[in-house]
Amino acid sequence: MKAEPAHQIRLLDLQETDSRLDQLAYRARNLPEIAELQRLDTRIGELHDQLAATATELSDLDREQSKAEADVDQVRVRAERDTKRLDAGHVSSPKELEGLQSEIASLQRRQSELEEIVLEIMERREAAEARDTGLRKELEAAQAEREDAEERRSSAMVEIDADRSSAARRRERILAEIPEDLLGLYVKLRDQHSGVGAAALRYGRCEGCKLALSTAEIGQIRQASADEVLRCEECRRILVRTDESGF
Ligand SMILES: [Zn+2]
């Protein structure tokens, strides 16, 4: 293939711009903030789940407490009624009196037991409330951290996008200057050789595979005309002669 030396040099500019675009795409995909946001989203999700579980626990405890308090009231009212009857002195039969006193004593025991239950529920409620407060604080901190990471991610993306646009514009300008057949070969080789289709020949070395050319190869290149499109014997990339080629 033949191409003017100036077009071959322009191919190196295209390669540089394409590599720059590849780097920018890699940077955009691998911003540390992306992993950070994923981690924070998982954490925030877990905290929401834990908060929902705690809210259920709190409402269950509220219901339990109301029920236990109603039980206490019921027993207390009954004991008070019995005590009033006793105090009023209307009960005269010793058997009935004994029965009433024993009922009052048993109601009082029952009331203490039920009050114990209420206290125990209140303690559990306090613990659940403390857990709820802790989780809310943790959630708030995680959300603030997320906002911060999101801000850093988006300002990094703004920077990357601006660099991408200017590289893309540069690429368009360069493309217009490269003959179609040379461009076609470059695109094919770039696909095959991890993004690098054209490399400079620099001081007897291919910049694509970094290997020094053999004496025989250098001899052939010296004899080749300037518009001959050369290929590296080693990596098969387009080899472009520059002022720094060394001959
Ligand atoms: Zn090479």
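Both counts, for ligands and for their atoms, begin at 1 and track the order of listing. This one's a predicted model, so the numbers in the text were calculated from it and none came from an experiment.
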**Study point:** Salt-bridge contact Arg110-Asp71 (side-chain N to carboxylate O under 4.0 Å)
**Key:** no

Exercise for review: For residues Arg124 and Glu64, determine if any side-chain heavy atom of one lies less than 4.5 Å from a side-chain heavy atom of the other.
Suggested key: yes

Check your understanding: Counting only protein N/O/S, how many atoms fall short of 2.8 Å from the Zn ion (ligand 1)?
Key -> 4

Review point. Can Arg76 and Glu115 be counted as an ion pair, charged N to O under 4.0 angstrom?
Key: no

Review point. Is Leu12 linked to Ile238 within one hydrophobic cluster, defined over Ile, Leu, Val, Met, Phe, Trp and Tyr using a side-chain heavy-atom separation of less than 4.5 Å?
Key: yes

Check your understanding: Under a 4.0 Å N-O cut-off, is there an ion pair linking Glu16 with Arg170?
Key -> yes

Check your understanding: If you draw a 6.0 Å radius around CD in Glu234, do more than 12 non-hydrogen atoms from other residues or ligands fall strictly inside?
Key -> no

